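Below is one structure, written out as structure tokens; comments come after it.
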Amino acid sequence: MPQRDSEPAIILGGGGARAAYQVGALRAIAAILGRRGRIPFPVLCGTSAGAINAAALAINADNFRRGVARLLRWWRRVSVAEVYRADFAALSRHSAQFLAGFLMGARPPPGVASLLDSSPMAHMLDRQFDFRRLATHIANGDLRALSINATSYSTGHAVSFFEGDASLVAWHRTRRRGQPARLSRAHLLASTAIPFIFPAGRIDDDYFMDGSVRQLSPLSAPLNLGARRILVLAVGQFSGQRAAPAAGPAAYPSFAQAAGHALSTIFLDNLAADLERMTQVNRLVDLIPPPRLRESDIHVGHVEALVLAPSKDLGALALQFADRLPNGVRGLLRALGSTQGTGANLTSYLLFDRDFCRALIDLGYTDTMARRAEVDDFFAGAPNGQLLRPDDYV
């Protein structure tokens, strides 16, 4: 059994409905590790929809398989109505008020500063999550820390709100910080508040947006919480979506294509860049003899990471299930160009449909089981080598 300091952290990034892929990967990890008690990664860092998955695991930190089973049960039955209001009347009223205010330069009514109304998600979180259990798991040693990332509207800083054992302290870096907190539903709503799409979340006297925005160093939170081994569950291909060859001249990009690229930048590009930086730092650290490194004032060390990411384009996969969306949402996304090229990415983030999510779960499970030897080696503490494959930066 490895020492606690050598046990890995896990990063569960954002991606809306794509976060169902993470649950499939977690199911595979549970199968690979076999029957065991507490969670195998006592430090959990979640952002956006990944924060919901991370919180569910942390609340069940004493029983990893139970936490995964509960996530599976919810994602296999999820519906749009549990996440945002999709009935035609509410969608028309909310979207029309938002767009009218945006186009006319007027302030929209309170609570209508977004395209969609995510109030159903607040009720779902109240039913599903008992944050009081975190303190018990921390006291019992089953959990070291849960971190939930959000971005402040007032300062533009990325904030990692964390609840953990008493040895953990706040940190301050350029445009980002770690802040101790008693975590609650408010932190999840703030972390999932995708700008323009979902309304801002309020924590104390500040408003926050999705934690992936301005999160230039996604690996910062687990490193500052003491982890030196990190499991990353991504929700997209780092090499990006490869469009099919055009039959004629390229069409002018739609709103959905622009939004899809923006969301991919938020959810994937910063993570890929941070992993690439870590790879280079690891290579430099490995060139320095350990005695020299210990004698220096440079506080840096080798960090092992395993990145699990989809083998298929999730935007293209979403188009197979797009007709499952409620009529109003489907019409809105079609008008925005969500069926054109990379515009499908926008659909994949909002497609909280049980059939699509089940397909993502199956893909996450299959992809992870295909890399079983790497997962075994990682949890056994073996050096992992490259963080990403050579073509991941194409």
Side-chain angles (χ1 to χ4, degrees), residues 1-13 19-46 50-77 128-130 133-134 136-147 164-165 222 225-235 303-311 357-387:
M1 176 70 67
Q3 297 298 312
R4 292 288 289 191
D5 289 344
S6 67
E7 289 186 325
I10 187 170
I11 292 179
L12 295 157
Y21 178 88
Q22 298 171 345
V23 181
L26 289 166
R27 177 180 170 233
I29 291 169
I32 291 170
L33 296 180
R35 294 190 177 276
R36 59 183 294 162
R38 61 179 175 80
I39 197 166
F41 13 76
V43 174
L44 299 101
C45 302
I52 295 177
N53 290 340
L57 293 176
I59 288 171
N60 293 280
D62 58 328
N63 192 316
F64 177 50
R65 294 173 72 90
R66 182 181 65 213
V68 173
R70 290 182 175 177
L71 278 173
L72 279 167
R73 193 156 49 244
W74 186 77
W75 280 100
R76 282 173 170 166
R77 298 182 302 182
Q128 299 288 337
F129 292 87
D130 181 3
R133 297 181 63 185
L134 294 179
T136 300
H137 294 322
I138 292 167
N140 292 340
D142 294 320
L143 178 68
R144 180 171 173 79
L146 169 64
S147 172
D165 67 43
L225 293 172
R228 291 299 177 266
R229 298 178 58 76
I230 303 174
L231 175 65
V232 180
L233 295 189
V235 292
V303 176
E304 292 290 342
L306 175 63
V307 182
L308 301 177
S311 61
C357 290
R358 287 177 180 180
L360 292 177
I361 290 169
D362 291 343
L363 180 62
Y365 180 83
T366 301
D367 284 350
T368 304
M369 293 302 288
R371 300 177 62 186
R372 179 170 188 154
E374 295 174 75
V375 174
D376 274 328
D377 287 346
F378 180 77
F379 281 100
N384 191 56
Q386 288 183 309
L387 297 181

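Quick caveat, the model's predicted, so the values are computed rather than measured.
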**Study point:** Candidate pair L26 and I10, rule side chain to side chain contact (heavy atoms under 4.5 Å, CB included), full reasoning
**Key:** CA-CA 11 Å; L26 289 166; I10 187 170; 3.9 Å; yes
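- One finds the CG atom of D142 at 11.5 Å from the CG atom of L134 (value rounded to the nearest 0.5 Å).
- Residue pairs meeting the salt bridge (Lys or Arg N to Asp or Glu O under 4.0 Å) criterion with at least one member in residues 64-73, sequence neighbours excluded: D62-R66.
- Distance check: D376 CG to F379 CZ gives 9.5 Å after rounding to the nearest 0.5 Å.
- Closest approach of I361 to R76, counting heavy atoms only: CD1-CG, 3.9 Å.
- Contact check for I230 versus P8: no side-chain heavy atoms found under the 4.5 Å cut-off.
- Minimum interatomic distance between L72 and R27 (heavy atoms only, all atoms of both residues): CD1-CD, 3.7 Å.
- Separating the CG atom in L143 from the CZ atom in R38 is a distance of 10.5 Å, to the nearest 0.5 Å.
- Rounded to the nearest 0.5 angstrom, L308 CG and T368 OG1 are separated by 5.0 Å.
- Considering every non-hydrogen atom in both S311 and D367, the closest pair reads OG-OD1, 2.8 Å.
- The two residues N60 and G67 make their nearest non-hydrogen contact at CB-CA, 3.6 Å.
- The main-chain N or O of G37 is never found under 3.5 Å from a side-chain atom of N63 such that the two would form a donor-acceptor pair.
- Side chains of L231 and I11 form no contact here, defined as non-hydrogen atoms less than 4.5 Å apart.
- Although no hydrogens or angles enter the test, the distance criterion places no donor-acceptor pair under 3.5 Å between the side chain of E304 and the main chain of R229.
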Practice item. For L146 and V43, run side chain to side chain contact (heavy atoms under 4.5 Å, CB included): C-alpha distance rounded to whole Å, both residues' side-chain angles, the deciding distance at 0.1 Å, then the answer. Key: CA-CA 6 Å; L146 169 64; V43 174; over 6 Å; no
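- Side-chain contact between C45 and L225: present, with at least one pair of heavy atoms (C-beta onward) separated by less than 4.5 Å.
- In terms of the salt bridge (Lys or Arg N to Asp or Glu O under 4.0 Å) criterion, D362 has no residue partners (sequence neighbours excluded).
- Between P222 and A9, the shortest heavy-atom contact is CB-CB, 3.9 Å.
- Note that CZ of R133 is 7.5 Å distant from CD1 of I59, once rounded to the nearest 0.5 Å.
- In this structure, CD1 in I29 is found 12.0 Å from CZ in R372, a value given to the nearest 0.5 Å.
- Here the side chain of N53 pairs no donor or acceptor atom with the backbone of V23 at under 3.5 angstrom.
- The backbone N or O of A56 lies less than 3.5 Å from no partner atom in the side chain of Q128, so there is not a single donor-acceptor pair.
- Closest approach of Q22 and V235 over heavy atoms only: NE2-CG1, 3.6 Å.
- For the pair I52/L12, no side-chain contact is recorded, criterion being any heavy-atom separation below 4.5 Å from C-beta on.
- Not counting sequence neighbours, the partners of F64 by the ring-ring contact (aromatic ring centres under 6.0 Å, His included) test are F41.
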